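Notes for the one structure printed next.
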Amino acid sequence: MARSQWSFKTAVELSEALRKKQVSAVELAEDAIGRIERHDGKVNAICVRDFERGLQAARAADAAIARGEHRPLTGIPVTVKESYNIAGLPTTWGFPPHKDFTPAEDSLPVTRVKDAGGVIIGKTNVPVGLADWQSYNEIYGTTNNPYDLGRTPGGSSGGSSAALAAGYGALSLGSDIGGSLRVPAFHCGVYAHKPTFGLVASRGHTAPPAVPIIYERDLAVIGPMARGAADLSLLLEVMAGPDPLDMGKAFKLELPAPRHASLKDFRILVIDTDPVLPTDKAVRGTIDKLASHLDKAGAKISRTSPLLPDFAASSRLYMRMLLSFLSATFPPDVYAGACAAAALLPATDTSLQAERLRGIALSHRDWVQATFARSRLRAQWREFFDSFDAVICPLMPTPAYPHDHAPDQEQRRILIDGEPHVYTDQLAWPGIATLPGLPATAIPTGFAPDGLPVGVQIVGPWLEDRTPLKLAELIEHEFGGFVPPKMFDD
């Protein structure tokens with residue numbers, strides 16, 4: 001069967017085609033569903049199918065279009081990370097004991113997508129507890145990278161990135177605390193945006209069997225994924241805003257406009273590696289090539305700046321705060337063992353691995369001191385963004401690696417230019433934006449020599465999400481973006 005002309009179009013392109021009645025919403029849904037039925041036996045991105053309700057939504061979208069009604073996502077096929085509650089579908093977060101947990105109502109982000117006319121066709125696979133850069137669990141199995149089935153698609157939104165790369169709809173919803181939006185985008189050659197912390201209300205993005213009330217979560221965000229930069233803004237506008245049950249009672253969202261409309265006006269710091277976690281030559285090469293292109297396009301490019309906050313210090317702080325947050329749900333025996341091990345660490349051990357262990361045992365007093373340190377870091381970033389508009393830096397040190405499901409992630413190793421490094425140290429690059437809560441847009445920048453996608457993240461100023469998103473659009477327009485995997489040329 002020949003590939004549809006619509007299979008890899010962006011949401012912006014599909015919306016325009018729907019308005020002009022060049023295609024129907026039902027045809028788009030059927031195209032995405034057909035691709036899932038033909039290809040997902042190999043990829044395993046869609047862990048829960050919702051085709052019947054998706055086609056009903058598509059028929060409703062076509063009826064709305066016939067009446068002249070057009071909402072932001074009318075008729076656009078969308079997939080949703082398994083961790084979001086959707087009424088009538090299981091939400092497991094990969095935990096086998098909760099394989100039959102089925103919420104009674106949609107999460108707020110899903111409601112907003114549906115209200116905007118989005119056509120949800122299924123849920124995408126995740127690692128257990130959303131706690132890996134691979135996407136596998138006992139309930140749904142392993143998701144593979146569409147560019148190389150033997151490698152990870154990233155995680156924890158790996159099912160979403162693989163679905164986008166395979167042509168299963170134009171948009172997807174993901175989440176991020178350790179790079180879980182941006183890392184899968186990097187590994188599958190697509191786009192993602194980690195919003196400013198708190199920008200998008202996440203009620204109903206809740207681990208089972210918790211009641212979907214409003215929870216205060218440190219560091220964690222939810223956000224959009226797509227095959228085009230402009231699509232990120234489209235979906236973010238739908239998702240963003242305070243919860244009407246909470247802050248929405250008093251506040252409305254009004255994001256600042258992007259700082260610039262042309263590449264030549266952007267002031268950009270470009271970083272390609274750091275001793276905290278080096279990057280391999282394929283990643284460095286594409287970053288250097290992008291920097292050269294931007295320089296020739298007239299952007300003001302710097303490669304170093306004394307204003308940049310200390311990456312080593314902020315990475316250590318991030319490891320402590322992240323693991324302190326995550327360890328709140330550790331089983332008592334695991335928590336006690338980690339605390340005992342942390343007590344034995346010598347004060348001279350400042351490795352990222354040691355800081356993660358210390359974070360598990362962090363006292364509330366230590367946590368308060370850590371928040372003071374983070375506040376000072378945020379002040380440094382504010383000063384930095386007085387002189388720069390964005391930072392372009394690595395997301396991961398290497399292209400996608402072979403599946404590795406060894407149970408203790410601290411014992412796994414990745415090879416960077418042939419040298420082994422601790423697997424979980426890869427948290428450092430996503431953490432550059434996560435710890436201070438800054439917006440960061442992941443974009444593809446090309447391919448490594450072995451054909452695997454690589455990319456970068458564009459970090460922007462607090463609540464100025466439209467600035468890195470605009471820069472992403474300009475880069476895509478000038479230098480290109482997503483390229484479909486060859487295995488889907490049917």
Side-chain angles (χ1 to χ4, degrees), residues 93-95 127-134 152 155-156 175-180 183 197 207 216-220 274-278 309-377 394-398 401 404-416 419-437:
W93 288 45
F95 292 115
V128 178
L130 318 186
D132 203 342
W133 295 300
Q134 302 175 75
T152 178
S156 61
S175 64
D176 192 310
I177 191 172
S180 287
V183 170
F197 180 75
E216 290 189 10
R217 293 182 175 90
D218 195 39
L219 301 169
D274 191 278
V276 170
L277 186 69
D310 185 282
F311 186 44
S314 65
S315 294
R316 292 195 296 269
L317 179 62
Y318 172 56
M319 300 297 164
R320 293 196 300 276
M321 298 193 78
L322 175 66
L323 267 294
S324 180
F325 174 77
L326 296 177
S327 64
T329 56
F330 283 8
D333 59 329
V334 174
Y335 175 72
C339 288
L344 299 176
L345 286 170
T348 54
D349 187 349
T350 59
S351 66
L352 299 183
Q353 199 166 21
E355 298 293 4
R356 287 190 291 275
L357 193 54
R358 289 190 181 100
I360 297 172
L362 215 63
S363 68
H364 183 63
R365 180 176 185 271
D366 293 335
W367 173 266
V368 171
Q369 291 179 342
T371 62
F372 289 159
R374 177 166 56 183
S375 296
R376 291 191 293 271
L377 174 67
L395 253 173
M396 293 295 267
T398 71
Y401 38 80
D404 179 0
H405 299 169
D408 185 354
Q409 294 187 31
E410 292 288 348
Q411 298 303 313
R412 297 179 193 168
R413 296 293 181 268
I414 57 163
L415 294 178
I416 303 175
E419 294 295 322
H421 290 259
V422 178
Y423 178 88
T424 36
D425 282 359
Q426 293 178 103
L427 284 162
W429 284 115
I432 197 171
T434 303
L435 179 63

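Just so it is clear, the model here is predicted, and its values are computed rather than measured. Numbering of residues begins at 1 and proceeds along the displayed sequence.
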Note to self: Walk me through whether Trp133 and Tyr423 qualify under ring pair (Phe, Tyr, Trp, His ring centres under 6.0 Å).
What the structure shows: CA-CA 10 Å; Trp133 295 300; Tyr423 178 88; 5.5 Å; yes

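- Here the closest heavy-atom approach between residue Thr398 and residue Ile416 is recorded as CG2-CG1, 3.9 Å.
- Between Trp429 and Ile432, the shortest heavy-atom distance links the atoms O-CG2, 3.1 Å.
- The two atoms that bring Asp274 and Val276 nearest to each other are OD1-N, 2.9 Å, heavy atoms only.
- Between Ile414 and Pro397, the shortest heavy-atom contact is CD1-CG, 3.6 Å.
- Between Val422 and Leu352, the closest side-chain pair of non-hydrogen atoms is not below 4.5 Å.
- Summarising the geometry of Phe330 relative to Leu323, their closest heavy-atom pair is CZ-CD1, 4.4 Å, with the distance given to 0.1 Å.
- In this structure, Thr434 OG1 and Leu219 CG are separated by 7.0 Å, a value rounded to the nearest 0.5 Å.
- Applying side chain to side chain contact (heavy atoms under 4.5 Å, CB included) to Arg316 and the options Arg356, Met321, Glu355 leaves one that passes, Glu355.
- Going from atom CD of Gln409 over to atom CD of Gln426 covers 10.0 Å, rounded to the nearest 0.5 Å.
- With values rounded to the nearest 0.5 angstrom, Asp425 atom CG is found 9.5 Å from Ser315 atom OG.
- Side-chain contact between Leu277 and Phe311 is absent, with no heavy-atom pair separated by less than 4.5 Å.
- Here the CZ atom belonging to Arg412 is positioned 5.0 Å from the CG atom belonging to Asp404, to the nearest 0.5 angstrom.
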Note to self: One pair to check against side chain to side chain contact (heavy atoms under 4.5 Å, CB included): Asp218 and Trp367. What are the steps and the verdict?
What the structure shows: CA-CA 12 Å; Asp218 195 39; Trp367 173 266; 3.2 Å; yes

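- Atoms CG and CG, on Leu362 and Leu357 in that order, are 11.5 Å from each other to the nearest 0.5 Å.
- In this structure a side-chain-to-backbone donor-acceptor pair under 3.5 Å is present from Gln353 to Glu410.
- Looking at Arg358 and Asp349, their side chains come closer than 4.5 Å, going by heavy atoms from C-beta outward.
- Here the options are Asp176, Leu130, Val128, Asp132, the test is side chain to side chain contact (heavy atoms under 4.5 Å, CB included), and the partner is Ser156; only Leu130 passes.
- Between atom CG of residue Leu427 and atom CE of residue Met319 there is a gap of 4.5 Å, rounded to the nearest 0.5 Å.
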